[in-house]
There are 2 protein chains.
Amino acid sequence: MASSIHDLARHLNISIGTVSRALNGRADVNADTRQRVLEAAKKLNYSPNQSGRSLRRGSTYSIAFMLQPHPGDQQYGEPFFIPFLTGLQARLAESGLDLIVVMGAPGDYQQERLRRVVETRRADAVVLAWTRREDERIDYLTEAGFPFATLGRSRSGGTTYPSLDLDFEKAGADAVDRLVARGHRRIAAIRPSLDLNFGYLFLDGYRKALRRHGIEVDPGLIADGFINEAGGYQVTPRVLLAKDRPTAIIFNNDAMALGGCKAMAEMGIRPGQDIAVIVIVDTPLCRYFSPALTGFRPSLEPMGQRLAEMLLASLPAFAGEEGPRIMREVWPLELIARESD
Amino acid sequence: MASSIHDLARHLNISIGTVSRALNGRADVNADTRQRVLEAAKKLNYSPNQSGRSLRRGSTYSIAFMLQPHPGDQQYGEPFFIPFLTGLQARLAESGLDLIVVMGAPGDYQQERLRRVVETRRADAVVLAWTRREDERIDYLTEAGFPFATLGRSRSGGTTYPSLDLDFEKAGADAVDRLVARGHRRIAAIRPSLDLNFGYLFLDGYRKALRRHGIEVDPGLIADGFINEAGGYQVTPRVLLAKDRPTAIIFNNDAMALGGCKAMAEMGIRPGQDIAVIVIVDTPLCRYFSPALTGFRPSLEPMGQRLAEMLLASLPAFAGEEGPRIMREVWPLELIARESD
DNA sequence: TGTGTTGTCGTAAACGTTTACGGAAAAACG
DNA sequence: CGTTTTTCCGTAAACGTTTACGACAACACA
């Protein structure tokens, strides 16, 4: 059905070698014949067979993204990833690469699946998300010498791989600064449990800013929970019932904020009036919630594109001729002030 | 690096043909040699090269899923798809298939991308979501003779492909029944614009139930908007300002409901108190919103698994020996009663 | 013993590319 | 005109599998 390079060669009465060279833009082919080959390719609706090409060239022309459902909540996932994936895939497609998505089984933290991808060599590289502070996936990949990039930082693996992250530390500090400027001194922080790295970064920024303002850090105002609605709902009361009730809460996540606000509502506390609320990673939910939640907005799609570029530049087979590889970028989080603080 | 079938053969001092046959479980190989081959494979950490296998067998061992960001809203996407994808991928992986995700460019409704996937034969089959009433993608695929399955029904393409859908018609009717039983007569409906098929199905159920109760359908109580928060926010006031204000609203979607509730809040109307609210497709958002929204919950992950099964059964290369192909399934939507109605 | 059957395995072709190599013709140069 | 260089193209091998085909030995049966 699909026409092969042999069909083209037969049709034009030339050898398959010449056809291949013409198609691949090699120098040693006559301009005229190249023209004819390209026309015939269009006419016969030719497109190269990926398996043949992959086999010969030894690369699969695809990148694997390890996607995970919410830990602690199989029912729904992270809308966060969709726009990121859009950017990632768009940029990869420009270079003729496909995006393979591998879902992590809840529980095993992807090690098993990752191993399978690497060993069967189904992808040329891997993109990891939700990096942990110490991430065994990163250790495994560096040890195996398999190319990868990460959305999010980690302390594992040194600085040998491209990574792109948001500046959670600054966002945490900015949130505190803003709240302090508005008169708050008792500020709580809700972040994800597990050792998701951005939870640490956020908390570091929060702590440092508090100290800078001469406010001592009260462990009773910090709580960890699952990074979803249930987690926020479950954990927020713990902080609200502290002896000296906080006047402001910073949530690491919109889903946790939603759960937290639910808990408040049940306790008769009105977010935005009785207590200030700020969310670190803004989503449309924040904008349309009542009260509209102040948050920090990431630019997800450009981040996807950028990480794809960084990854591509680190792969010998796809690297252009440009200079030094950019291995590490941290993007700002833009504050969107609304009604909740 | 990765060991090939030749390495195994050399190591065992037998031919590659025998190795391949042993690995693939053919009958014409001595039980003893098969044992030795399997052991050597484990020892040398062998796994077959996908490109070589694909080239020879003529199938790619991967399925493409066409994923789309929200139309009219590039910033975020549909969390709905993540659990579905989890199930889909899990079942495909069982049969050794990969899941390739192709993001639609906003605007072109995927035709271009789809064509590329089909023509380069990068996948053995395609899974479509967000089916439209008349879907050009389905027309294209049937005409091209390319295998596919859909999440959602369509009027295109007859009944020649596996499809799995939710019973939006019944959910629409159930919602009306429930509201009428609680005394409502003026019931509004907010559904997505575009010709997304589930919007039609929902509205059909809604209309029929209304008539069944002897209530005439008021076009002023029906509105279409983008299927996201902004759409709900924009379109809900139109219905609220009808001459005879509705006492209940059914939203087709949690995001639209969120936007709608925002609009209500700004108009001083309290959902759950001044007006009843029901959402057709329930998410965690519905549960943790205040008031908690009554909604209909789908079982997304099992649906993903099931659609994968149906698709597999329709592919000659992967079909088992079981009976007739199941081409069409409609799953129920379970009502979760909460506080908003 | 001759013939047919069965079990096991090696050989080699094929899938669709890419590319190293060499050769023929044309062009350039003395 | 002879030699060298350049331009262009064909040949064939290679990537790692799967599988049709045939070969050979062992065995059964007459």
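Phosphate proximity of C:dT17 to A:N49: absent, as no side-chain N or O sits under 4.0 Å from OP1 or OP2. At C:dC9, one or more side-chain N or O atoms of B:T33 fall inside 4.0 Å of OP1 or OP2 (strictly under the cut-off). Taking 4.0 angstrom as the limit, B:N24 places a side-chain polar atom (N or O) nearer than this to OP1 or OP2 of D:dT18. Taking only side-chain nitrogens and oxygens, B:S20 comes nearer than 4.0 Å to OP1 or OP2 of D:dT18. Taking only side-chain nitrogens and oxygens, B:T18 comes nearer than 4.0 Å to OP1 or OP2 of C:dG10. Remark: B:Y46 is in phosphate contact with D:dT17, judged by side-chain N or O atoms under 4.0 Å from OP1 or OP2.
The base of C:dG10 sits within donor-acceptor range of the side chain of B:R21, with an N or O pair under 3.5 Å. One cannot find a donor-acceptor pair under 3.5 Å joining the base of D:dT17 and the side-chain atoms of B:R53.
Within 4.0 Å (heavy atoms only), B:N30 reaches sugar-phosphate atoms of the nucleic acid but no base atom.
Atom CG of A:L12 is separated from atom P of D:dC8 by 17 Å (rounded to the nearest Å). Atom CZ in B:R26 sits about 16 Å away from atom C1' in C:dG10, given to the nearest Å. Here D:dT17 presents its P atom at 8 Å from NE2 of B:H6, a figure rounded to the nearest Å. Taking atom CD of residue B:Q50 and atom C1' of nucleotide C:dC15, one finds them 15 Å apart after rounding to whole Å. Spacing between atom CD1 of A:I5 and atom P of C:dC15 amounts to 14 Å, rounded to whole angstrom units. When rounded to the nearest whole Å, the span between CZ of B:R121 and C1' of C:dT17 equals 17 Å. A:I14 places its CD1 atom 20 Å from the P atom of C:dA24, with the value rounded to the nearest Å. A:L55 places its CG atom 12 Å from the C1' atom of C:dA14, with the value rounded to the nearest Å.
Heavy-atom nearest nucleotides on DNA chain D were determined for A:A27 and for A:G17, and the one closer to the 5' end corresponds to A:A27.
Nearest to the side-chain atoms of A:I16 among the listed nucleotides D:dA12, C:dA12, D:dG10 stands D:dA12. Side chain of B:R57, nearest nucleotide from D:dT19, C:dT8, C:dT17: D:dT19.
With salt bridges taken as basic N to acidic carboxylate O contacts below 4.0 Å, one links B:R116 and A:D98. Between A:E39 and A:R36, no side-chain nitrogen of the basic residue sits less than 4.0 Å from a carboxylate oxygen of the acidic one, so the salt-bridge criterion is not met. Of the charged side-chain nitrogens involved, at least one lies within less than 4.0 Å of a carboxylate oxygen, so that B:E94 and B:R91 count as a salt-bridged pair.
A side-chain hydrogen bond (donor to acceptor under 3.5 Å, both in side chains) with A:D135 holds for exactly one of A:R137, A:R133, A:R132; it is A:R137.
Taking 4.5 Å as the limit, every side-chain heavy atom of A:L164 sits out of range of all side-chain heavy atoms of A:T150.
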